[in-house]
Protein chains: 2
Amino acid sequence: MTGTAIKNWQSVQQEVLNRINSKLWKPGDLIPNEAQLASEFGCARATVNRALQNLADTGLLERRRKAGTRVATHPVRKATLDIPIIRKEITGKGYAYRYALVSTETVVPPRDMAARMRLKPDEKILHIVGLHMANGEPYVFENRWINSNVVPAVRDVDFSKQSPNEWLVENIPFTSGDIAFSALCAGDFEAEMLSCKTGEGLFVIDRSTWKAEGAITSVRLVFAPGYRIHTEI
Amino acid sequence: MTGTAIKNWQSVQQEVLNRINSKLWKPGDLIPNEAQLASEFGCARATVNRALQNLADTGLLERRRKAGTRVATHPVRKATLDIPIIRKEITGKGYAYRYALVSTETVVPPRDMAARMRLKPDEKILHIVGLHMANGEPYVFENRWINSNVVPAVRDVDFSKQSPNEWLVENIPFTSGDIAFSALCAGDFEAEMLSCKTGEGLFVIDRSTWKAEGAITSVRLVFAPGYRIHTEI
DNA sequence: ATAATTTATATGTCTGCACATAATAAACTG
DNA sequence: CAGTTTATTATGTGCAGACATATAAATTAT
């Protein structure tokens, strides 16, 4: 017996969670439909719908029209990570931010990058390498390719004043993208850029963003040793 | 003029996105309130609410009662990662799964772990070390502490048959938790466990889960070289 | 028996209305 | 004038009813 009245969608969600956790509804089970739950809880179907949709979003329920709602067979936990602008991340921690441009050039990228960005053969794009620093210490090394044919405006930007990270976020809307997280062993190059020892374990983010006309940018961020990304679930 | 009718919340969301992307509504701007937008779009306020709430969830808008809705000053992108059960992750890739228990013992954990799990002084808890393998190759090394005082049932489980990862997910509901991602340089111990070279960059996940009575478990997962975690945004 | 079509049903979403809640702005008061 | 109270306002959420849509299941046609 809950004792508490079930009137708002949050309490419906909590009650459903309780039934899942108490194994009353086991993984794979079909649960009663919205109308039945609504009448049981004494609330509107819309309220039940809100609660169940929310649980489906977090991966605990699987819903299909006509087929009904069932408890997810293997609860895939979903963690939501915040990906801020690097400058904000650094100043947000109370450190002084500085961006150092290492190089820019317009060249034909390596095969794998050209393939990933779906470029035409021998298409030249912008390559920008830079370093974000916190309190003068290297924080993250940014190796970025920007498709200057899709984003012509990029040709007029002075990237010694503003990092491409920030310019892109503020000026180029994108429709889709992907992110990958991995780890890397510091080679001589990374060690020098991040002033760390070779062989250190480094956290790496690879990100690509797209708009309808094609790939906008693809970037690898290599973080200084000790970097960690944290979230609650 | 859009030309397309704005009747469902998705199209409202799209139109709002367009206005943000076209800089009609700039970062920091207060946008019209729900009632105004509803009358402009010719739909119900609830529909506008659904769209704006969704955009606020993804971090593009900031809403506060009475204060109104404004475009986020710095769009903090949110990436959602799926954290599956390790066995499912491995079999899902088509590999054969095997779990090898390395050791179990009930001991007083190191200071930092005791602090993180808020244990009483000299409180003994369960320490389980194991290895998940894909096609016979080491996939991830699991170093786990379980608070057997909060979860007494754990004392009767044979972890040579089932990994603690799986047993916990299936048997112990938890209310909250946190995850951190980082990178590590393989020392001699990690290298031997994962049969890789010392000095390799390894991807690491640290996770703790809690229920009302206290910390349930805290685990460090060290993945074999080459592991990456991927998501779309 | 198999394929195409229809039907039934659970979820998805819209509408219009109402009230709750939080937070700002305005009015008031000692 | 500072501190407190009150009104105002935008979002948050609830309700009942309706229709849309996907799709499993039943039915009919080939």
Side-chain angles (χ1 to χ4, degrees), chain A residues 2 4-17 19-20 24-73 76 78, chain B residues 2-17 19-20 24-73 75-76 78:
Chain A
T2 61
T4 57
I6 295 181
K7 291 207 141 179
N8 50 15
W9 70 266
Q10 290 95 333
S11 60
V12 171
Q13 172 168 336
Q14 192 52 57
E15 176 59 23
V16 171
L17 272 174
R19 293 187 184 187
I20 294 173
L24 204 160
W25 294 339
K26 290 181 277 294
D29 280 5
L30 199 63
I31 76 173
N33 70 37
E34 295 184 350
Q36 291 169 324
L37 288 176
S39 86
E40 184 194 341
F41 294 148
C43 65
R45 185 171 79 85
T47 308
V48 174
N49 180 282
R50 180 91 153 82
L52 298 189
Q53 255 185 46
N54 207 43
L55 288 171
D57 281 347
T58 67
L60 250 80
L61 294 178
E62 285 166 3
R63 332 190 66 205
R64 260 171 44 238
R65 279 168 158 149
K66 161 77 182 179
T69 301
R70 49 183 71 234
V71 181
T73 47
V76 174
K78 301 204 173 183
Chain B
T2 62
T4 57
I6 294 180
K7 293 210 140 179
N8 51 13
W9 69 266
Q10 290 93 336
S11 60
V12 171
Q13 171 168 335
Q14 192 52 57
E15 176 60 21
V16 172
L17 271 174
R19 292 185 185 189
I20 294 173
L24 205 160
W25 294 340
K26 290 181 277 295
D29 280 5
L30 199 64
I31 77 174
N33 70 35
E34 294 184 350
Q36 291 169 322
L37 288 175
S39 86
E40 185 194 341
F41 294 149
C43 66
R45 185 172 78 87
T47 308
V48 174
N49 180 281
R50 180 84 156 86
L52 298 189
Q53 255 186 45
N54 206 45
L55 287 170
D57 281 346
T58 67
L60 251 80
L61 294 178
E62 285 167 2
R63 333 191 64 205
R64 260 169 50 233
R65 281 169 158 146
K66 161 79 183 177
T69 301
R70 49 184 70 236
V71 181
T73 47
V76 174
K78 302 203 173 179

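Worth knowing before you read on, the calculation uses all heavy atoms, side chains too, and leaves out hydrogens, waters and symmetry mates. In what follows, every chain begins at residue 1, and chains take the letters A, B, ... in the order their sequences are listed.
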(request) Provide the start and end nucleotides, 5' to 3', of the part of DNA chain D that has atoms under 4.0 Å from heavy atoms of chain B. (result)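 In short, chain B contacts DNA chain D from D:dT8 to D:dT13.
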
(message) side-chain contact (heavy atoms from CB on, under 4.5 Å), that's the test. Do B:Arg63 and B:Gln53 meet it? Break it down for me.
(response) CA-CA 8 Å; B:Arg63 333 191 64 205; B:Gln53 255 186 45; 3.8 Å; yes

(request) Using whole Å, report how far CD of B:Gln13 lies from P of C:dC14. (result)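 These atoms are roughly 11 Å apart.
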
(message) I need the CG-C1' distance between B:Asn8 and C:dT15, as an integer number of Å.
(response)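 Taking CG of B:Asn8 and C1' of C:dT15, I get 14 Å after rounding.
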
(message) Can you tell me how far apart CD1 (B:Ile20) and CD1 (B:Ile31) are? Round to the nearest 0.5 Å.
(response)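 Atom-to-atom, B:Ile20:CD1 and B:Ile31:CD1 are 7.0 Å apart.
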
(message) If I take atom CG from residue B:Asn54 and atom CG from residue B:Leu61, how far apart are they, to the nearest 0.5 angstrom?
(response)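 Answer for the CG-CG pair, B:Asn54 versus B:Leu61, is 10.0 Å.
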
(request) Name every residue in residues 50-59 of chain B that has at least one heavy atom under 4.0 Å from any atom of DNA chain C, in order of residue number, or write none if there are no such residues. (result)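 Those residues are B:Arg50.
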
(message) Assuming nearest nucleotide by heavy-atom distance, tell me which of A:Asn49 and A:Gly68 is located more 5' along DNA chain C.
(response)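 So the residue in question is A:Gly68.
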
(request) Please figure out whether B:Thr47 or A:Ala35 has its closest DNA chain C nucleotide nearer the 5' end. (result)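 The 5'-side residue here is A:Ala35.
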
Looking only at non-hydrogen atoms, find the nearest pair between [X] and [Y] and report the distance.
{"X": "B:Ala51", "Y": "B:Trp9", "result": "CB-O, 3.4 Å"}
{"X": "A:Gly59", "Y": "A:Ala72", "result": "O-CB, 3.4 Å"}
{"X": "B:Arg70", "Y": "B:Gly28", "result": "NH1-O, 2.7 Å"}
{"X": "B:Leu52", "Y": "B:Leu37", "result": "CD1-CD1, 4.2 Å"}

(message) Over all strands shown, is B:Gln36 touching base, sugar-phosphate only, or nothing at heavy-atom distances under 4.0 angstrom?
(response)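 It contacts nothing in the nucleic acid.
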
(message) Base, sugar-phosphate or nothing for B:Ala46? Non-hydrogen atoms, less than 4.0 Å.
(response)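 The residue B:Ala46 makes base contact.
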
(request) Could you check if a side-chain atom of A:Leu60 sits within less than 4.5 angstrom of a side-chain atom of A:Gln13, using non-hydrogen atoms only? (result)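 Side-chain contact under 4.5 Å: no.
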
(message) Could you tell me if the side chain of A:Leu17 sits less than 4.5 Å from the side chain of A:Gln14, heavy atoms only?
(response)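 Yes - at least one pair of side-chain heavy atoms lies under 4.5 Å apart.
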
(message) Between B:Gln10 and C:dT13, is there a contact of a side-chain N or O with OP1 or OP2 at under 4.0 Å?
(response)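 For C:dT13, OP1/OP2 do have a side-chain N/O of B:Gln10 under 4.0 Å.
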
(message) So, does A:Thr69 get its side chain near the phosphate of C:dA10, meaning an N or O under 4.0 Å from OP1 or OP2?
(response)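 Answer is no, no contact under 4.0 Å.
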
(request) Apply side-chain contact (heavy atoms from CB on, under 4.5 Å) to the pair A:Leu55 and A:Val16, showing each step before the final yes or no. (result) CA-CA 9 Å; A:Leu55 288 171; A:Val16 171; 3.6 Å; yes

(request) Would you give a per-nucleotide map of nucleotides 19-27 of chain C, 5' to 3', where B means the base has a protein non-hydrogen atom under 4.0 Å away, S means only the sugar-phosphate does, and - means neither? (result) --BSBB---

(message) Please check this pair: side chain of A:Gln36 against backbone of A:Asn33, looking for a donor-acceptor N/O pair closer than 3.5 Å.
(response)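 A pair under 3.5 Å: yes.
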
